[in-house]
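First up is the structure itself, then whatever we jot down about it.
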Amino acid sequence: MEFQYDQEALQLLAELFKILGDPTRLRIVHLLLQHEMCVSDIAEHMNMGQSAISHQLRVLRQARLVTFRKDGKTAWYSLNDDHVVTLVHQGLEHVGHK
């Protein structure tokens with residue numbers, strides 16, 4: 001099976017993998033696989049400051065990997081769609097394959 005993609009699509013994919021290549025961002029995505037979370041919950045769970053988590057979430061939002069909804073002053077983050085879930089699960093299956 002041969003896939004044909006143009007250079008722009010391959011560049012965008014490389015940028016996506018670069019974003020997911022950061023251990024902190026990948027840990028955030030892994031947390032969000034379970035359920036939506038707010039910045040303070042993610043920060044507490046990862047033992048990091050809220051501003052550091054907010055920065056990483058901004059990068060993930062710009063890459064369309066996460067989305068958020070506002071509930072009063074609180075922003076609740078979740079994975080953007082099933083493609084993100086599949087991408088992470090496939091990656092984990094690949095690294096676990098012997």
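No donor-acceptor distance shorter than 3.5 angstrom exists from the side chain of Asn80 to the backbone of Thr67, with no hydrogens or angles considered.
Within the 4.5 Å cutoff, the side chain of Leu87 has heavy atoms near those of the Leu20 side chain. Residues Val39 and Thr74 fail the side-chain proximity criterion, which asks for heavy atoms closer than 4.5 Å. In this structure, the side chains of Leu65 and Val59 stay at 4.5 Å or more apart for every pair of heavy atoms.
Each side-chain hydrogen bond (donor to acceptor under 3.5 Å, both in side chains) pair with one or both residues in residues 41-54, not counting sequence neighbours, would appear here, but there are none. Residue pairs meeting the side-chain hydrogen bond (donor to acceptor under 3.5 Å, both in side chains) criterion with at least one member in residues 15-34, sequence neighbours excluded: Gln11-Glu15, Arg25-Gln56. Pairs engaging residues 78-98 under the salt bridge (charged side-chain N to carboxylate O under 4.0 Å, His left out) rule: none recorded [sequence neighbours left out]. Sorted by first then second residue, the ring-ring contact (aromatic ring centres under 6.0 Å, His included) pairs that include residues 53-90, not counting sequence neighbours, are Phe68-Tyr77.
Remark: Glu36 pairs with Arg69 by the salt bridge (Lys or Arg N to Asp or Glu O under 4.0 Å) rule, at least two apart or across chains. Checked against ring pair (Phe, Tyr, Trp, His ring centres under 6.0 Å), Phe17 has no partners two or more places apart in sequence or in another chain.
Smallest separation of non-hydrogen atoms from Leu31 and Met37: CB-SD, 3.9 Å.
Taking CG of Leu92 as the reference point, atom NE2 of His97 lies at 14.5 Å (rounded to 0.5 Å). Here Leu57 contributes atom CG and Cys38 contributes atom SG; the two are 10.5 Å apart, rounded to the nearest 0.5 Å. Atom-to-atom distance recorded for Leu79:CG and Ile28:CD1 is 11.0 Å, nearest 0.5 angstrom. A distance of 10.5 Å separates CD1 in Ile19 from CZ in Arg64, rounded to the nearest 0.5 Å.
Heavy atoms from other residues, nucleotides or ligands lying under 6.0 Å from CZ of Arg61 number more than 12.
Under a hydrophobic-cluster definition in which Ile, Leu, Val, Met, Phe, Trp and Tyr are linked whenever side-chain heavy atoms come within less than 4.5 Å, directly or via other members, Leu33 and Val84 are assigned to the same cluster.
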